[in-house]
There are 4 protein chains.
Amino acid sequence: MTRKPKQIRSQNTVETIVQGAFIALAKHGAEGATTRQIAEYAGVGVGSIYEYFENKEAIFSAMGERFSKELVGVIQGATTNVVRLSLRDAVYELIAQTAEFLKKDDELYLRCARESALMEKHVPFGPIYRALADLFIQHAIKHPEILRLNNLQTMTYIFINSGIATMIRYLNHPNPGFTFDDLARGLADMAGHYVERELGSM
Amino acid sequence: MTRKPKQIRSQNTVETIVQGAFIALAKHGAEGATTRQIAEYAGVGVGSIYEYFENKEAIFSAMGERFSKELVGVIQGATTNVVRLSLRDAVYELIAQTAEFLKKDDELYLRCARESALMEKHVPFGPIYRALADLFIQHAIKHPEILRLNNLQTMTYIFINSGIATMIRYLNHPNPGFTFDDLARGLADMAGHYVERELGSM
Amino acid sequence: MTRKPKQIRSQNTVETIVQGAFIALAKHGAEGATTRQIAEYAGVGVGSIYEYFENKEAIFSAMGERFSKELVGVIQGATTNVVRLSLRDAVYELIAQTAEFLKKDDELYLRCARESALMEKHVPFGPIYRALADLFIQHAIKHPEILRLNNLQTMTYIFINSGIATMIRYLNHPNPGFTFDDLARGLADMAGHYVERELGSM
Amino acid sequence: MTRKPKQIRSQNTVETIVQGAFIALAKHGAEGATTRQIAEYAGVGVGSIYEYFENKEAIFSAMGERFSKELVGVIQGATTNVVRLSLRDAVYELIAQTAEFLKKDDELYLRCARESALMEKHVPFGPIYRALADLFIQHAIKHPEILRLNNLQTMTYIFINSGIATMIRYLNHPNPGFTFDDLARGLADMAGHYVERELGSM
DNA sequence: AATGAATGAGATTTCATTCAT
DNA sequence: TATGAATGAAATCTCATTCAT
């Protein structure tokens, strides 16, 4: 078995370390995730971490980026399907897909999202917003009446943040009074009603 | 001549320490809130912290509780006024009051809210939810038509969490595309439109 | 109730503190006995300790002295009786009395003796040796043949140290193979046999 | 080319730290044996201590064990020679060897023995007693008359404890009235006379 | 004289980071 | 390249001692 070319092995090791970091974060929380643990979960030596990352902070950045990229992927993957739906159904579908994404790998990301240190400080939200904006534009192409809305930017901001925050909070501390599906439907209705009312009243 | 030194002095020192902790958290983030820093900002010796708190964690709990209590006070203080308003205006007013609360003391609380470690782990949200629920009931007494809404619990949950999360996020990273007032109005509209549409369609 | 004269009150407080220190030492060991605890067990404020003692070390010295004085008292109290007995019986009696002394007050002294920090560093053994020497002389007056022993000083040293050390060790970690009385008898026999053999062989 | 670094290096570091702890204890007493001091005398960083020991307590345990093991070694090493001697000479020889052991390395162990915290709490006396018991049995094989003694267990206990305690006490606070050799001879005579008298009187 | 809140030096312990192998 | 033993700065916490009341 010949040595794999440098790039590939490095790439793999980097990925391995980031994955170890996600596991460590999910298991022990932001404060509890030591470099030793990350190395252990990653199955590499502590020294190796510093071959690929400037410092611990850099791992968190890489985690945030991976999270962001994957979520963008989810959004883009859903686009073709979602643009065909009504706004209400589109929102519902998007939330469902995102929940799926957060819960995969034994809720790895969800458990990390709890540690908002990661979310707030290291996840680059820009690409996520842009992906959603793209989706929105493509949706608008098929449903042009929505463009008649004013304060579109503000409301997009509200919907997105509301959706993400409420979803994460519910998934982390489920409220026994209603199901996650109720919540998703509620968020979809909120967006749908708003738009209908706004457009209808014009 | 009355005997009260113990209680009073202790109470003061406890308050002083908690205030120092808020300042330390606001100034240096979660990492910077070391016991030394806290003691320094509080203007007491490190040892004094341990006269009144079991350990560092206990300070964070006390902070969370103080935050929760004060916010509940804000909500209750706003009640008389808010219940008279339309839902839309009520939401707007509540957001404005909360923003005021978060920004007082040179944005002390707002800057702390950024450190979601505090928010997620130490702020007891129960009392806040209950205060808002009380407010809601009193509002409903004056505006009984709102009771015709179904899934009231879910939508309340969504509105509250959306409101808090979006507000904090905006205040922390203001989006140059629109003002905070735009945001507050947007949230108010979202709630207002939703209710109108829901009730109107019945 | 008029204020007691200074001397008496102070004397009492000093005694109270020393007693508290013995209790603290017995309960929590040398490392665990903090000034706070000593004050607590003594029923006085921490500050009061420093009214009467230069520092913590001084309390230990006072404890050592009290221990020494009381033990000397025990020895002297036993003298009249002991001098009449044979050496063997005298040793036995002395050991019994000392054991009694160590076990009084719910084994207060015994439990403190475990912490040899106190024994080695703070108990002044001089007075104890002198008391035993006195006892020995008075015994010798009635049993003059013992004076024919040579290396009297060395053997006295050995007997005393052996006796104390073995007794304390047994009382602290009783050996299930034999009773304390067996031990006392053994020590008495050891001394008795030695003397008999030494004198008999001359 | 053999792979052993981990074991060997660790073993060395562990030994180094324990040695540093003995030096610190000997030089500065129980109070002075701080982790910092230990690390300094061992010539390692403080952090290294915690690579190999759970906590400070664990170092003391390791010290106690090393002491016990080495003393057992001394006893076993002396066995062949000692069993040939009369009881009196055997005791004398054993004391001499032990004194040698305590005084080696510039009295390292002797100065540590002063801190009875170590002796009482951390030295496992079991193995030492067993080694002495073994020695005793082998001695008895060559000198079977000694087995006619009754209360053998009690007297062994007394001799051993007396010997150790008296020796350590003398070495720590030499009594100018007689030499260590006098003491050793005295202890040997004590045992010897006792046995002779006991057997002779049968 | 008596108090105990306040203090801060210093102890133990952790953990990100380095570097010799 | 990969490793993990070694490191030491810095964190948390303790406790003898002081001093205003």
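In what follows, every chain begins at residue 1, and chains take the letters A, B, ... in the order their sequences are listed.
Atom CD in A/Q37 sits about 16 Å away from atom C1' in F/dG4, given to the nearest Å. Rounded to whole Å, atom C1' of F/dA2 lies 15 Å from atom CG of A/N12. A straight line from CZ of B/F53 to C1' of E/dA6 spans 15 Å, rounded to a whole angstrom. For A/I49 and F/dG4, the CD1 to P distance is 12 Å, given to the nearest whole Å. Between the P atom of E/dT7 and the OH atom of B/Y52 lies a distance of 9 Å, rounded to the nearest Å. If you measure from atom CD of A/E40 to atom P of F/dA5, you get 12 Å, rounded to the nearest angstrom. Between the P atom of F/dA6 and the CD atom of D/E15 lies a distance of 14 Å, rounded to the nearest Å.
A/R36 pairs by the salt bridge (Lys or Arg N to Asp or Glu O under 4.0 Å) definition with D/E51, not counting sequence neighbours. With sequence neighbours excluded, the residues that form a side-chain hydrogen bond (donor to acceptor under 3.5 Å, both in side chains) with C/N172 are C/R114. By the side chain to side chain contact (heavy atoms under 4.5 Å, CB included) test, A/E40 pairs with no residue at all, sequence neighbours left out. Partners of C/Y50 under the side-chain hydrogen bond (donor to acceptor under 3.5 Å, both in side chains) rule, at least two apart in sequence or in another chain, do not exist in this structure. Not counting sequence neighbours, the partners of C/E57 by the side chain to side chain contact (heavy atoms under 4.5 Å, CB included) test are C/N55, C/H122. Evaluation of the side chain to side chain contact (heavy atoms under 4.5 Å, CB included) rule for A/K69 yields no partner, not counting sequence neighbours.
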- Give the dot-bracket string for DNA chain E, reading 5' to 3', where a pair is Watson-Crick or G-U wobble with both distances under 3.5 Å, ( ) marks pairs inside the strand, [ ] marks pairs crossing earlier ones, | marks a partner on another strand, and . marks unpaired. .||||||||||||||||||||
Under 3.5 Å, which donor-acceptor pairs link side chains of residues 58-68 of chain A to any protein atom two or more places apart or in another chain?
unit_1: A/R66; atom_1: NE; unit_2: A/E70; atom_2: OE2; d: 3.3
unit_1: A/R66; atom_1: NE; unit_2: A/Y109; atom_2: OH; d: 2.9
unit_1: A/R66; atom_1: NH1; unit_2: A/E15; atom_2: OE1; d: 3.1
unit_1: A/R66; atom_1: NH1; unit_2: A/Q19; atom_2: OE1; d: 3.0
unit_1: A/R66; atom_1: NH2; unit_2: A/Q19; atom_2: OE1; d: 2.6
unit_1: A/R66; atom_1: NH2; unit_2: A/Y109; atom_2: OH; d: 3.1
unit_1: A/S68; atom_1: OG; unit_2: A/P124; atom_2: O; d: 3.0

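Looking only at side-chain heavy atoms (C-beta outward), C/V123 and C/I128 come within less than 4.5 Å of each other.
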- Expected string for nucleotides 14-19 of chain F under the B/S/- scheme (protein heavy atoms, under 4.0 Å, primed atoms plus P, OP1, OP2 as sugar-phosphate) is BBBBB-
